[in-house]
Amino acid sequence: MRKPLIAGNWKLNKTLAEAEALAKALVKELADVTDTEIIIAPVFTALGRVAEIIADSPVSLAAQNCYPQETGAFTGEVSPLMLKDIGCQAVIIGHSERRQLLGETNQFINLKVKKALETGLQVILCVGETLDQRESGEMLEVLTAQVKGGLADLSPEQMTNLVIAYEPVWAIGTGKTASNEQAQEAHSFIRGLVQGLFDPDTSTACRILYGGSVKPDNVDGLMAQDDIDGALVGGASLNAEDFSRIVRFNKNRH
Ligand code: 13P
């Protein structure tokens, strides 16, 4: 019932020429995919060119961040309106790298979520605990604050254009994927939070992606979990063959 979604977060990688080459390879490899939604998120400078390349393909475009204002004196920022204008359908908000390196708070993330949804962009809201938080027993508290904070003031209707990505920080770029059970446990907890904030229909319909060292050889097991509806892929999304294999995860295990 929830259509799987595989998203590639290219992070701070790929020159324009490299981004073009990867986008072209993905269009070729993924042209026939209809049963899984596919999103790629290149750097800002490559968005326009990649938008042209993927225009007639099943691949959609996301940015990796946005600012919660349409226009104005906000040097160095890019607004949801401008992202839409250049061809984005979606935007990643609240990635742990931005929370940690740039000090983004749940409150600021919530402003971005609201502005992006108002503009008509699909939002991929990232949440996830650090290793310290997990080991000191704070994981559920942290996830609760991130989910409640990020989704504050939204209506059930707005939730239909929002996807949550659970990305345990200790699994990002480390090669240490959460086990299928650890991921399922966190996803089920997050779905419960969404139900508490909204209603059962909203939580049943809400897609929750897993992110953190997703690779061709672990995606099938993760996708077989009841509450895992897709993946937010970092490193493996920079390689067309690996990302395509992840998009074509083995559905027989469902
Ligand atoms: P990796 O797949 O490289 O661990 O990155 C995950 C991630 O942060 C995606 O947003």
Side-chain angles (χ1 to χ4, degrees), residues 4-14 18-19 22 26 36-44 46-47 50 59-66 83 88-104 109 112-113 116 121-131 133-134 139 142-143 146-147 150 162-180 182-183 186-187 190 207-223 225 228-249:
L5 165 56
I6 305 291
N9 175 7
W10 294 5
K11 305 191 180 182
L12 183 48
N13 292 290
K14 306 282 179 195
E18 290 166 347
L22 178 53
L26 291 174
T36 296
E37 202 175 314
I38 309 162
I39 293 181
I40 53 175
V43 292
F44 285 131
L47 288 173
V50 170
V59 183
S60 322
L61 192 65
Q64 300 173 17
N65 179 39
C66 66
L83 297 179
C88 288
Q89 287 86 31
V91 58
I92 297 171
I93 296 179
H95 193 279
S96 63
E97 284 147 17
R98 299 196 61 84
R99 291 177 187 264
Q100 293 198 307
L101 301 172
L102 296 152
E104 289 197 5
I109 287 165
K112 297 185 189 206
V113 167
L121 290 173
Q122 180 181 42
V123 167
I124 301 174
L125 170 66
C126 303
V127 299
E129 81 288 355
T130 63
L131 188 58
Q133 290 164 337
R134 176 173 275 260
M139 169 180 147
V142 169
L143 291 180
Q146 291 176 339
V147 170
L162 182 140
V163 175
I164 297 174
Y166 169 63
E167 300 203 301
V169 177
W170 47 274
I172 294 179
T174 57
K176 274 192 227 163
T177 328
S179 68
N180 297 336
Q182 283 172 321
H187 281 229
I190 291 168
R207 288 182 294 181
I208 307 176
L209 316 182
Y210 169 79
S213 298
V214 176
K215 308 286 176 205
D217 63 4
N218 60 26
V219 66
D220 298 339
L222 288 161
M223 290 303 291
Q225 306 305 308
I228 300 186
D229 307 309
L232 181 54
V233 186
S237 73
L238 299 174
N239 175 288
E241 201 181 317
D242 285 352
F243 188 65
S244 300
R245 170 61 183 86
I246 292 171
V247 168
R248 295 179 195 279
F249 67 90

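Side-chain atoms are counted along with the backbone in the values below, which use heavy atoms only and exclude waters and symmetry mates. Just so it is clear, the structure is predicted and the values come from calculations on it, not from any experiment. Counting starts at 1 for both ligands and their atoms, following the listed order.
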Residue-ligand contact Lys215/ligand 1, heavy atom below 4.0 Å: no
Atoms in ligand 1 flagged as close to Ala171, the criterion being non-hydrogen separation under 4.0 Å: 4 (O)
Under 3.5 Å: N/O of Gly234 near N/O of ligand 1: yes
Which segment of Asn9 sits under 4.0 Å of ligand 1 when only heavy atoms are counted: side chain
Candidates Leu162, Val91, Val163 - the one meeting side chain to side chain contact (heavy atoms under 4.5 Å, CB included) with Gln122: Val163
Proximal ligand 1 atoms for Gly173, defined as those under 4.0 Å from one of its heavy atoms: 1 (P), 3 (O), 4 (O)
Aromatic ring pairing Tyr166/His187, orientation class (parallel under 30°, perpendicular over 60°, tilted between): perpendicular
Ser96, portion touching ligand 1 at heavy-atom distance under 4.0 Å: neither
Any N/O pair Glu167/ligand 1 closer than 3.5 Å: yes
Those atoms of ligand 1 less than 4.0 Å from some heavy atom in Ser213: 1 (P), 2 (O), 4 (O)
Heavy-atom closest contact (Ser237 atom, Leu22 atom, distance): O-CD2, 3.7 Å
Proximal atoms of ligand 1 relative to Leu232 (non-hydrogen, under 4.0 Å): 9 (C), 10 (O)
Minimum-distance protein heavy atom relative to atom 5 (O) of ligand 1: Lys11 NZ, 3.2 Å
Residue list, salt bridge (Lys or Arg N to Asp or Glu O under 4.0 Å) with Lys14, at least two apart or on another chain: none
Smallest separation among heavy atoms of Thr177 and Gly212, with atom names: CG2-O, 3.4 Å
Polar atom proximity, Gly212 to ligand 1 (N or O, under 3.5 Å): no
Salt bridge (Lys or Arg N to Asp or Glu O under 4.0 Å) involving Glu97 - partner list, sequence neighbours excluded: Lys11
Protein heavy atom at shortest distance from atom 3 (O) of ligand 1: Gly235 N, 2.8 Å
Distance-minimising heavy-atom pair for Arg245 and Val219: NH1-CG1, 4.0 Å
Heavy-atom pair of closest approach, residues Ile164 and Ile190: CD1-CG2, 3.9 Å
